[in-house]
Amino acid sequence: MTLQNSPSHAPATSWDAPQTTTPLDDRWSDLIQHDRVHRTLYVDPAVFDEEMVKVFGGQSWVYLAHESQVPDPNSFLSVRMGLRPVIVTRDRKGGLHAVFNRCAHRAATVCREESGTAKSFQCPYHGWTFRNTGELVGAPWPSGYGELDKERFGLTVVPRVESYRGFIFGTMNTDAPPVDEWLGHARPWLDYWIDRSPTSEVAVKSAAYRMGYRGNWKLAFDNAGDGYHPAFSHRSLLEMASRMGDSKDMSYFGKTPDDGPMKVYSLGNGHSVIDQRPVYEGPGSFWANQRPQPGRERFEEKVRAEHGDDADRLLDLAIGAQINLSIFPNLLVIGNQIQVVEPLAVDRTQLTWHATSIGGVPDEINTMRMRSQEDFPAFGEPDDQANFEEAQRGLAAPEAEWVFMNRGLDTDWQTIEHDGVFRSAVTDEIHMRGYYEEWQRRMRGAQR
C-alpha cells in the first residue's frame, strides 16, 4: 500500500504539509507529526486493513480475555483479535490457548457459541473435528483425501499466549518480549487495580455490555486518556452530580482541572493513565462522593452495622478505582470495569464493557459494585459515542486535513518521573501523542 497516493489523502496545504517522497517504511512520518495526525488515519480503508495486520497482529500484544471467563479445564470464549475470530481455550489440564475460529478446510467458523465447555470443535460445514488446542482430530471419509496430513490441517494458533494476573494477551510474534515486560510502566497501575480486592481476586461473571458506534476505533483511544472533554461532553451528568453537592464524582472535571491535583501519565509502549485519586481524601471518600444508586442507603446501613470501623474501606471497594488505564491497543480499565475496543471496519467499532466482582468482601459490596458499574455506561458513554460519530462525520471533509493533539505542548506542565514516565496536567493530550508513537512503531513492523 502506498498511502500517499490514496484518493482519500487530500492535497497538501502550504503549511507543514505531508511530502510524497518519503520511503515506504517511513511514510507515516508525514502523516503523524509532533502536534497532529492526518485525517486519512481515521478514514482510509487501506490504513484500517494494515492496522488489522500490524497493530492487532504483527508484533503487538493484544488483550483477549480475562482468565475468569475461561475458569475450568476445557472451557472456551469466542473473541476477536482485530478482525480475526479467535477462541480462547483451556485444555484438559487448564493450560491457556488461542486458536483461530476458522476451519482449515473451507474457512467456516468451527465454534458458533460465545462461551462454554468443549474438548473439541466440529465444523458444522463438513464435519472436520479439532481439539481445543487446535490439532486436527479427523475429517469424514478421509480416503477422499488420499493421505490426510493432520499436522498440516490443524487450526491456526496464536503462537504466544500469556496471562498477567488474570489478563490474557496474545501475539502473532514468537519473539515478542514477555507480556509483563511489554506492560512496562502500566503494570503498577494494573497491579493497584487488581490489588484493591482484599484477596487480589477479580472475576468477570456477568454478561457483557456492548455498544457500537459509527466511527474509527482510534477515536475511543483518543478519548480514553482525555481529561479535557468531561466538563463539556458530560455536562448533563456533571450538572446532575452538582445537585448532590460539588464534590460528587466527576464534578471536579468542571472546575479548571489543570489547576487541581489530577494528573495524566504517558507510560510508554502506547499506554497511559488518568489518575483521579488525588481529589479524594482518605477512606470512605470514594463512597461518599459517588452519585446516587438504587438501594444504596440500605446496603450502607447493613455494612456499617456488621463491619464497624472497616466499613469505609469496604464501601470504597464498591466504587470505581478512580483511574482510567489505557493499554495499547485495545484494553481500557475504567472504574471497576474492563472495556475492550473492537474494530469492525474503518468507520465502525464496538466497545464491550465487562463488569467485575472481587473476592474477600461481603456480598453487599459486590452488589453495590454492580450498581456503580451500571452508572457510567448508561449515563456517560452515550455522550462519548455521540462525539465519536460526529468526529467521524467531520473527518469526511478532505480539505481540513489535520486532527490536532497539541494541548500541553507549549506549557510547563510536563515533568519526567525518576522512571522516565511523563506526567502532566490532566487535560494534556500527551496520551494521544504517546499512543501514536507506538502505533507508528507497530505500523513500521518494529521488532519491540
* Going by atom types alone, do D195 and S200 pair a side-chain donor with an acceptor below 3.5 Å? -> yes
* Asked: Given the rule in the ring pair (Phe, Tyr, Trp, His ring centres under 6.0 Å) test, do F48 and Y42 qualify, once you have shown the distances and angles that lead to the verdict?
  -> CA-CA 8 Å; F48 179 82; Y42 297 88; over 10 Å; no
* Asked: Using a distance-only test with no angle check, is there a side-chain donor-acceptor pair under 3.5 angstrom linking R92 and N132?
  -> no
* Between atom OH of Y265 and atom CD1 of I274, what is the distance when rounded to the nearest 0.5 Å? -> 11.5 Å
* Side chain proximity check, L332 to I327, heavy atoms < 4.5 angstrom -> no
* To do: Report yes if some heavy atom in the side chain of Q392 is under 4.5 Å from a heavy atom in the side chain of L219; otherwise report no.
  => yes
* Is the backbone of F328 close enough, under 3.5 Å, to the side chain of H271 for a donor and an acceptor to pair up by distance? -> yes
* Asked: Is the number of heavy atoms from other residues, nucleotides or ligands within 6.0 Å of CZ (R210) greater than 12?
  -> yes
* **Salt-bridge criterion met for E438 and R442 (N-O under 4.0 Å)** => yes
* To do: In plain terms, say whether D258 and R407 are close enough for a salt bridge, that is, a side-chain N and a carboxylate O under 4.0 Å apart.
  => yes
* Structure fact -> The side chain to side chain contact (heavy atoms under 4.5 Å, CB included) partners of E201 (sequence neighbours excluded) come to S197, T199
* Asked: Taking atom types as modelled and ignoring hydrogens, do the side chains of S78 and E113 form a donor-acceptor contact shorter than 3.5 angstrom?
  -> no
* Main-chain N/O of R214 paired to E389 side chain as donor or acceptor, under 3.5 Å -> yes
* Asked: Is it true that R277 and D275 make a salt bridge, defined as a side-chain N closer than 4.0 Å to a carboxylate O?
  -> yes
* Identify whether the distance between the nearest side-chain nitrogen and carboxylate oxygen of R165 and E67 falls below 4.0 Å. => no
* What about the rings of F153 and H105, do their centers lie closer together than 6.0 Å? -> no
* Asked: In terms of side-chain heavy atoms, does Y435 have a donor or acceptor partner in D222 at a distance below 3.5 Å?
  -> yes
* Can you list the residues that meet the salt bridge (charged side-chain N to carboxylate O under 4.0 Å, His left out) rule with D180, with sequence neighbours excluded? -> none
* To do: Give me the ring orientation class for Y436 and W439: parallel if the planes are under 30° apart, tilted from 30 to 60°, perpendicular past 60°.
  => perpendicular
* Asked: Just by distance, with hydrogens left out, do T129 and Q122 show a side-chain donor and acceptor under 3.5 Å apart?
  -> yes
* When rounded to the nearest 0.5 angstrom, what distance separates NE2 in H431 from CG in N324? -> 10.5 Å
* Beyond-backbone contact of R102 with T109, side-chain heavy atoms, under 4.5 angstrom -> no
* Distance (rounded to the nearest 0.5 Å) between D316 CG and Q322 CD -> 9.0 Å
* Asked: Does the distance from a Lys or Arg side-chain N to an Asp or Glu carboxylate O, for R433 and D428, drop under 4.0 Å?
  -> yes
* Cation over ring, R187 on W182, under 6.0 Å and within 45°? -> no
* **Point-to-point distance, once rounded to the nearest 0.5 Å, from OG1 of T133 to NZ of K119** => 13.0 Å
* To do: Considering only NZ, NE, NH1 and NH2 on the basic side and carboxylate oxygens on the acidic side, decide whether E401 and R39 come within less than 4.0 Å.
  => no
* Q373 side chain near T356 side chain, heavy-atom distance below 4.5 Å -> yes
* Asked: What distance do R444 atom CZ and R27 atom CZ have between them, rounded to the nearest 0.5 Å?
  -> 9.5 Å
* **Flag if over 12 foreign heavy atoms under 6.0 Å of CZ, R152** => no
